[in-house]
Amino acid sequence: MALASNIPPERSHQLGDRYDHAEIEPRIRELWDDANIYRWNPDDTNRPKWFVQSMFPYPSGDLHIGHWFAFSGGDAAARFKRMEGYNVLHPQGFDAFGLPAENAAIRGNVHPKLWTYDNIANMRNQFELMGNSYDWSRQIITCAPKYYKWNQYFFLKFLDHGLAYRSDGAVNWCPEDQTTLANEQVKDGKCERCETVVVKRNMPQWYFAITKYADEMLDMSGIDWPDKVIVSQENWIGRSEGVNIRFDISEYALDTKSIATFTTRIDTIFGVTFVVLAPEHPLVAELTQPDFKATVEEYVAAAARETEIERTSTVREKTGVPTGSYCVNPLNRERVPLLVGDYVLATYGTGAVMGVPAHDERDFEFAKKYDLPIRVVVAPEGWNGQEIEAAYIAPGIQVNSGEFNDLPSEQGKEAIADAIENNRWGERIVTYHLRDWLISRQRYWGTPIPIIYCDDCGAVPVPYEELPVELPSDAKFQPSGRSPLIEHTEFLNAPCPSCGAPGERETDTMDTFMDSSWYHMRYLSPEDDSVPFDPEIAANWGPVDQYTGGMEHAVMHLLYARFFNRAMRDMGYVDFSEPYLHLFSHGTLTTETGKISKRSNPLAPDPLVQEYGADTLRCYLMFLGPWDRGGAWTESGINGIRRWLHRVWDIGTRNANELSGEDQTAESELDVASHTLTKRIIEDMRAYKYNTAIAALMTYANQMNDAWENGGITPELWRSSVQRLLLHLAPLAPHIAEELWLRNGWDFSVHQQMLPKWDEAKLTVDTIKIVVQVNGRVRDTINVPSNASEKEVAAAALASPGAIRHTEGKQIRREIYVPGRLFNIVVG
RNA sequence: GGGGGAGUGGCGGAAUGGUAGACGCGCAUGCCUUAGGAGCAUGUGGCUGCGGCCGUGCGGGUUCGAAUCCCGCCUCCCCCACCA
């Protein structure tokens, strides 16, 4: 064992025995539990609040090493803030609805509920091993009726406020399993379970009006989030300004008189030589002329069969077929052909595109292939009417554009838009990539949507007092081609709340992102049966101050939560706009075979905990590299952390009375080291730089060992140094810090102490080392008193052997002094 | 195609204008040991004529001084993407 054999026997530790993590860790956790030291007190307003939350896990079965990586850092942040004097809320729960439970259920013929709760029980045990400072009394499990009741409540509130609606929409459909799939379940355009190609299908579905907040959500000035996440959100919202312009089709005497197209390049309107409709465009059938019917129908059917990847591949050749119809460009009265092409997306803009081959790469490719005319209307510099080799995208001068000729295209854009609006041919419009949030899922394991369909009254909300609409636990969940709840007649049949006639319940369930969009608020009142959360507590404790999680949620979850919070704000539940003020994205741990997740490489931490202990594993994970970077998992190196904690144990169990206190220099050195440590580690911990924080602790332990070996420091200084070491160690290695703290006779608990302070004045030693450079190259070092004047330093530097060697016989042109660091002599 | 990030010893990484390689792994030598895949100590970028020289993906530049700032390239990773 680590008995520091270099230390004379008379100063070896007497308090201590060996560091036995297996004995210490469970015992220490029991102490914490018994004293309830992590219990959050919402009423304590003497200390500033700090709501720090790690993204809750899906109960997939086991906590893998990636979970440890995520949660160790989150816990260290919570512990550190507590020791900085904050009243900390650090909760944890389970994101328990979702497809994996159903898949596992189908595979193993075990009920999703049983599977989920078994996993939760198992993971709670594994969480125990970590020794995190969660207040488990606030645990939430999203598949529990007392939680999802409030999903239903908010659904109804959204309905009341016009934020939820039902509408026909395209969904992913797996022909093999005869079911729709969640977006997350479509991997590379194929069904994750059976690898069948997924197709689109139109079905009436429920939506949340997230696009109402698109503009507001682009403003992220009030939050401190990583740039990458902010950019991802901006891109996903995808605001673009343009013009909706209508092409006349009145010659066909349909109900609709025009085709609307959206463009951001209205300056190119005179270059339109065709118009392309998405295969799903509602007017395709009506506009197809008899002679073209067969080819168009075949094309549309083929497009419907294609996978999302095929449809959206940028390298694929653009294809299309003519409808035989024409439409009229309102600006030049030109009649251009109408085609159907699957490079036009039904879901963006108006589902129809004006084809300007001269100024759009896709249109150019399309026109080349089908021999459609290409007309330049924005001239590149020096253009003199020749054919162009490729689409010209950049701005230029308007040509072939009637009254708008000779205008720079940027001005042309505005002038043409004005003309269009004045003539009511169209209008300026802002479009978004963001679509309204489709929340319906034809799945069993989710929150039932609280709606009853009545032949007379239509879709009727379930009255609030009847919530929750409980998910029946005895439904058949085997795939049968229909939603499992449809076959559950007891669930299905319900009287219409409005007229009392027999009705049928909505059998779709909600997207599980609903659960995680507001769960942080439920931590505030997990047991409250009368409200989703206590408004008073919410006023004091919202929003979340610090949120940590992985980059995989950069868009969906975080966007939904930001939407949900604004909806709650506008309905009067909260008075703030953003749910999460600070966001930290930790990196991803990988192995040679890829990302560690519930699905792949579930590297089990349990054997490592057994061999090394939780503290060692936590510190090792935090020491691997910067927390926001992640990296490749390897076990090599964990021994270094083990050695270090053994050294800490050794230091923490020595008898300070063996020290003499005779060496002033050693005393002063340790004192400087102590204050330096505190400054460094507090700065690092605030910035989540755990790897360098641990490095600083290692350095300090080495310095303490040096001081001990010297023997000349006082027992008081030793004890205060041990105290400092343990206080700074506590957030990272909570068990060993507590054990050593108690062994030294200090008051329980180390985790309820305040961090030590540092004194800037104590960061400097009496003598400092100055680097002597000649022409910027290091030639010598000198020791000078820390209060030496520049003159004195200059004299010493110029007299140093290294400087003399390189300045002899040369003229000194300049001298540069960086106080406390270096002295540079410039010679010519 | 768009966006974000990264390139430093044998390895993980540190240093954001001031001694490049902190801290750790690994390795070497020594001690201890019946033994050790344990522990402890010392050393560890390369070359060297022991004066130094070279060295942070590549090429230039700014500066007394550049991993760090500027210009031009190369490579890798991640996310989004036929967004009209």
Side-chain angles (χ1 to χ4, degrees), chain A residues 1-7 226-232 234-236 238-240 242 261-265 268 276 278 311-316 318 341-345 347-356 359-363 365-366 431-434 551-552 554-555 587-588 590 595 620 623-626 628-632 634-644 646-647 650 680 689 691-702 769-781 802 805-806 813-828:
Chain A
M1 214 59 263
L3 292 186
S5 63
N6 59 313
I7 296 161
D227 286 350
K228 190 177 173 166
V229 179
I230 286 181
V231 169
S232 294
E234 283 169 356
N235 288 345
W236 192 265
R239 180 193 156 97
S240 58
T261 66
F262 172 73
T263 180
T264 55
R265 290 296 307 275
T268 65
V276 189
R311 278 291 296 276
T312 57
S313 165
T314 50
V315 294
R316 199 178 63 138
K318 314 273 175 279
D342 68 0
Y343 78 96
V344 177
L345 304 176
T347 50
Y348 187 76
T350 59
V353 168
M354 59 183 220
V356 187
H359 305 293
D360 181 279
E361 284 167 356
R362 292 154 303 184
D363 297 343
E365 195 189 321
F366 193 79
T431 59
Y432 300 89
H433 171 239
L434 182 69
M551 270 305 295
E552 66 270 24
V555 174
T588 309
T590 57
K595 185 180 161 184
Y620 178 56
F623 185 64
L624 279 176
D628 55 359
R629 211 182 295 173
T634 157
E635 222 180 291
S636 79
I638 193 168
N639 216 26
I641 297 290
R642 192 211 330 234
R643 277 203 279 264
W644 167 58
H646 273 93
R647 267 202 305 282
D650 192 40
R680 276 183 66 185
K689 290 159 83 175
N691 57 329
T692 50
I694 289 171
L697 283 168
M698 288 172 165
T699 304
Y700 189 59
N702 294 341
K769 194 164 76 174
I770 300 283
V771 168
V772 180
Q773 295 183 338
V774 177
N775 286 350
R777 316 212 56 157
V778 180
R779 298 303 182 187
D780 216 329
T781 59
R805 213 164 34 236
H806 289 89
R813 300 193 182 276
R814 234 179 119 181
E815 291 170 7
I816 292 142
Y817 180 49
V818 182
R821 303 215 66 139
L822 61 78
F823 192 89
N824 188 15
I825 304 157
V826 185
V827 296

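Numbered from 1 within each chain, the chains take letters A, B, ... in sequence-line order.
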Nearest-Å distance once atom [atom1] is located in both [N] and [M]:
{"N": "B:G12", "M": "B:G26", "atom1": "C1'", "result": "11 Å"}
{"N": "B:G18", "M": "B:A66", "atom1": "C1'", "result": "10 Å"}
{"N": "B:C64", "M": "B:G51", "atom1": "P", "result": "31 Å"}
{"N": "B:G17", "M": "B:G13", "atom1": "P", "result": "22 Å"}
{"N": "B:U33", "M": "B:C23", "atom1": "P", "result": "30 Å"}

*Which part of the nucleic acid, if any, lies within contact of A:Asp363, taking any heavy atom under 4.0 Å across all strands shown: a base, the sugar-phosphate backbone alone, or nothing?*
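Nothing, no heavy atom under 4.0 Å.
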
What's the closest nucleotide to the side chain of [X] if the choices are [options]?
{"X": "A:Met698", "options": "B:C23, B:C80, B:C64", "answer": "B:C23"}
{"X": "A:Val826", "options": "B:A84, B:C64, B:C79", "answer": "B:C64"}
{"X": "A:Ala695", "options": "B:A22, B:G24, B:C53", "answer": "B:A22"}
{"X": "A:Tyr348", "options": "B:G52, B:C83, B:A22", "answer": "B:C83"}
{"X": "A:Asn824", "options": "B:A14, B:G65, B:A15", "answer": "B:G65"}
{"X": "A:Lys318", "options": "B:C82, B:G52, B:A14", "answer": "B:C82"}
{"X": "A:Arg647", "options": "B:G24, B:G52, B:A14", "answer": "B:G24"}
{"X": "A:Asn639", "options": "B:C40, B:A38, B:C64", "answer": "B:A38"}
{"X": "A:Leu822", "options": "B:G13, B:G18, B:C83", "answer": "B:G18"}
{"X": "A:Asp342", "options": "B:G52, B:C78, B:C82", "answer": "B:C82"}

*asked:* Can you confirm whether A:Arg239 is buried at CZ, in the sense that more than 12 heavy atoms of other residues, nucleotides or ligands lie under 6.0 Å from that atom?
replied: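 Result for CZ/A:Arg239: enclosed.
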
*Heavy-atom check, side chain of A:Arg779 versus side chain of A:Arg805, under 4.5 Å*: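 Not in contact.
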
*4.5 Å side-chain heavy-atom contact, A:Asp363 and A:Tyr343*: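 Yes - at least one pair of side-chain heavy atoms lies under 4.5 Å apart.
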
*Using Watson-Crick and G-U wobble pairs with both distances under 3.5 Å, what is the 5'-to-3' dot-bracket string of RNA chain B, with [ ] for crossing pairs and | for pairs outside the strand?*
(((((((..(((.....[....)))((((((.......))))))(((....)))..(((((..]....))))))))))))....

_Nearest-nucleotide comparison on RNA chain B, the residue closer to the 5′ end among A:Asn775 and A:Gly351_ =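 On the 5' side of the pair lies A:Asn775.
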
*For A:Tyr432 and A:Gly637, take the nucleotide of RNA chain B holding the closest heavy atom to each; which residue's nucleotide lies nearer the 5' end?*
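Nearer the 5' end of the strand: A:Gly637.
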
Using a cut-off of strictly less than 4.0 Å, decide whether [X] has a side-chain nitrogen or oxygen near OP1 or OP2 of [N].
{"X": "A:Arg629", "N": "B:A14", "result": "yes"}
{"X": "A:Lys689", "N": "B:A15", "result": "yes"}
{"X": "A:Arg779", "N": "B:U19", "result": "no"}
{"X": "A:Arg814", "N": "B:C64", "result": "yes"}

Round to a whole Å and report the spacing from [atom1] of [X] to [atom2] of [N].
{"X": "A:Arg821", "N": "B:G18", "atom1": "CZ", "atom2": "P", "result": "7 Å"}
{"X": "A:Asp780", "N": "B:G51", "atom1": "CG", "atom2": "C1'", "result": "13 Å"}
{"X": "A:Arg642", "N": "B:G24", "atom1": "CZ", "atom2": "P", "result": "17 Å"}
{"X": "A:Asp227", "N": "B:C79", "atom1": "CG", "atom2": "P", "result": "19 Å"}
{"X": "A:Leu624", "N": "B:G12", "atom1": "CG", "atom2": "P", "result": "12 Å"}
{"X": "A:Tyr343", "N": "B:A84", "atom1": "OH", "atom2": "P", "result": "13 Å"}
{"X": "A:Asn235", "N": "B:C79", "atom1": "CG", "atom2": "P", "result": "14 Å"}
{"X": "A:Glu234", "N": "B:G4", "atom1": "CD", "atom2": "C1'", "result": "12 Å"}

_Check the orientation of A:Phe823 and A:Tyr817. Use parallel for under 30°, tilted for 30 to 60°, and perpendicular for over 60°._
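Tilted: the ring planes of A:Phe823 and A:Tyr817 meet at 30° to 60°.
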
*Point-to-point distance, once rounded to the nearest 0.5 Å, from CG of A:Asp227 to CD of A:Glu234*: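 Result: 9.5 Å between the selected atoms.
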
*Results of ring-ring contact (aromatic ring centres under 6.0 Å, His included) for A:Tyr620 - residues two or more places apart only*: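 Listed in chain order: A:Trp633.
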
*Does the side chain of A:Thr261 pick up a donor-acceptor pair with the side chain of A:Thr350 at under 3.5 Å?*
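The answer is no; no qualifying pair exists.
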
